[in-house]
Amino acid sequence: MSEVHSSKWLYIDVGNSRTKVAASDGTVVRVLGCIDTPEELTPWLEGVEAVLVASVGHDDWLSGLQRLMGRLAIPLFHAEVQESFGSIKNCYDNPGQMGVDRWLAVIGAAQLTDTAFVVLDFGTAINVEFVDSQHHYLGGWITPGISLMYKALFGGTSKVRGNISEHAGVAPGTTTQKAVDAGCLAAALGVLEQASVQGSKMAVNPIIFVCGGDYPRIQSLVRTKVQHEPDLVFLGMQKYLEQIRGQTD
């Protein structure tokens, strides 16, 4: 674990399959790890000035977090989707219906380029976001992630093992197990390839950012030019924090 400086903020990304935690001294974001319960934050809370959380749902988990922060008198902020943020204009019909993790990934990517870009987050779902050269967020795609595809095919059977093999590729499978493994990976790769095609319709050579816990499963198979930025959501949270601090100072 990297040393975390004092006078820091803590970022919590409450996802569907795991909750990730990072810290910042105002400049560098350091990923600390994953937790199951709010109480597991305790070793990281010494010297923390405030906590920023991003979550869709998970009301019971958030209630526990609020109680913990209340006991320790640490300010707690909730990230929300806006109609605009900095240079980014959100063209979603109803921004309030957009997942905040998707919005934060867009904000994070926008800190890395002034040009058009696409974000693909390979998690429980595969989220794809499109931003043009004027930094208009145009919308995106949401499709089942690799694990969800796998479970949809075999969740109710006992004929195959519970996870895709670490050595799976996209060659035609000679067993049902291998065929499913290859099919799920090929589907994820297809989303990436089509996202690149769609991105090229809005701009010449947009940057393709990729992140998410499932991306390493396909990384060795990717032939599209991409930029792997595993902590895009936390980069977005850091920028979001700067806005909060500017409003509260």
Side-chain angles (χ1 to χ4, degrees), residues 8-16 19-32 49-58 62 75-142 195 198-199 202-203 206-213 215 226-249:
K8 60 184 177 290
W9 282 58
L10 209 65
Y11 308 111
I12 307 172
D13 177 18
V14 185
N16 290 320
T19 296
K20 293 178 63 179
V21 183
S24 171
D25 59 3
T27 55
V28 178
V29 174
R30 298 171 176 82
V31 177
L32 301 178
E49 295 180 351
V51 172
L52 177 64
V53 62
S55 174
V56 179
H58 308 285
L62 291 176
L76 175 64
F77 297 92
H78 296 261
E80 298 178 348
V81 180
Q82 307 110 314
E83 294 183 357
S84 64
F85 186 98
S87 65
I88 310 166
K89 177 177 172 57
N90 192 339
C91 297
Y92 225 60
D93 290 344
N94 184 345
Q97 293 181 349
M98 181 183 181
V100 69
D101 56 332
R102 297 172 59 202
W103 181 236
L104 290 167
V106 168
I107 293 174
Q111 310 316 305
L112 303 177
T113 180
D114 294 325
T115 65
F117 62 87
V118 180
V119 174
L120 291 100
D121 187 346
F122 292 87
T124 302
I126 301 173
N127 296 326
V128 187
E129 322 299 347
F130 298 91
V131 178
D132 68 14
S133 56
Q134 286 76 46
H135 274 194
H136 293 159
Y137 169 68
L138 304 179
W141 302 338
I142 303 174
Q198 185 66 32
M202 70 177 183
I207 296 177
I208 310 296
F209 293 106
V210 294
C211 61
Y215 178 69
V226 301
Q227 184 170 327
H228 186 199
E229 297 287 348
D231 303 320
L232 276 183
V233 171
F234 287 135
L235 289 176
M237 294 182 82
Q238 179 171 247
K239 192 64 180 178
Y240 191 99
L241 160 65
E242 291 179 9
Q243 182 187 71
I244 292 176
R245 297 187 76 168
Q247 292 173 348
T248 57
D249 286 348

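The basis for the numbers below is simple: all heavy atoms, side chains too, and nothing from hydrogens, waters or symmetry mates. Throughout, numbering of the chain's residues begins at 1 and tracks the sequence.
Here the closest heavy-atom approach between residue Phe130 and residue Ala195 is recorded as CE2-O, 3.6 Å. Of all non-hydrogen atoms in Cys211 and Glu229, the two that sit nearest each other are CB-O, 3.2 Å. Contact between Ala116 and Ser133 at its shortest, heavy atoms only, is CB-N, 3.6 Å. The minimum heavy-atom distance between Val29 and Ala22, with the atom names listed, is CG1-CB, 3.9 Å. The two atoms that bring Met202 and Leu138 nearest to each other are SD-CD1, 3.8 Å, heavy atoms only. A pairwise comparison of heavy atoms in Phe77 and Ala50 identifies CE1-CB, 3.9 Å as the closest pair.
Partner Leu104 forms a side-chain contact (heavy atoms from CB on, under 4.5 Å) with one of Asp101, Val100, Val106 and no other, that one being Val100.
Between Phe209 and Phe117, the ring planes lie perpendicular to each other; the angle is over 60°, past the 30° to 60° tilted range. Using the six-membered ring where Trp is involved, Tyr240 and Phe85 have ring planes that are parallel, under 30° apart on the 30 and 60° scheme.
Looking at heavy atoms from C-beta onward, Val226 lies out of side-chain contact with Leu120 at the 4.5 angstrom threshold. Residues Val131 and Val119 are not in side-chain contact: their nearest non-hydrogen atoms beyond the backbone lie 4.5 Å or more apart. A 4.5 Å side-chain heavy-atom check between Tyr92 and Val81 finds every atom pair outside the cut-off. Proximity of Asp25 to Arg30: side-chain heavy atoms (C-beta onward) are separated by under 4.5 Å at one or more points. Val233 has its side chain within reach of Met237: a pair of non-hydrogen atoms, C-beta onward, lies under 4.5 Å apart. Looking only at side-chain heavy atoms (C-beta outward), Gln82 and Trp103 come within less than 4.5 Å of each other. For the pair Leu232 and Asp121, the minimum side-chain heavy-atom distance is 4.5 Å or more.
Note that the CG atom of Asp231 and the CG atom of Asp13 stand 10.5 Å from one another [nearest 0.5 Å]. A distance of 5.5 Å separates OG1 in Thr113 from NE2 in His135, rounded to the nearest 0.5 Å. Residue Gln243 holds its CD atom at 7.5 Å from CD1 of Ile107, rounded to the nearest 0.5 Å. The distance from the NZ atom of Lys20 to the CD1 atom of Ile12 is 13.5 Å, given to the nearest 0.5 Å. Here Leu235 contributes atom CG and Tyr11 contributes atom OH; the two are 9.5 Å apart, rounded to the nearest 0.5 Å. Rounding to the nearest 0.5 Å places OG of Ser84 at 7.0 Å from NZ of Lys89.
By the side chain to side chain contact (heavy atoms under 4.5 Å, CB included) test, Gln97 is found to be paired with Asn94, residues two or more places apart in sequence or in another chain being considered. Here Lys239 pairs with Glu242 under the salt bridge (charged side-chain N to carboxylate O under 4.0 Å, His left out) rule; sequence neighbours left out.
Surrounding CD of Gln111 are more than 12 heavy atoms belonging to other residues, nucleotides or ligands, all under 6.0 Å away. Surrounding CD of Gln227 are more than 12 heavy atoms belonging to other residues, nucleotides or ligands, all under 6.0 Å away.
For residues 124-136, the pairs satisfying salt bridge (charged side-chain N to carboxylate O under 4.0 Å, His left out) are Arg102-Glu129, with sequence neighbours left out.
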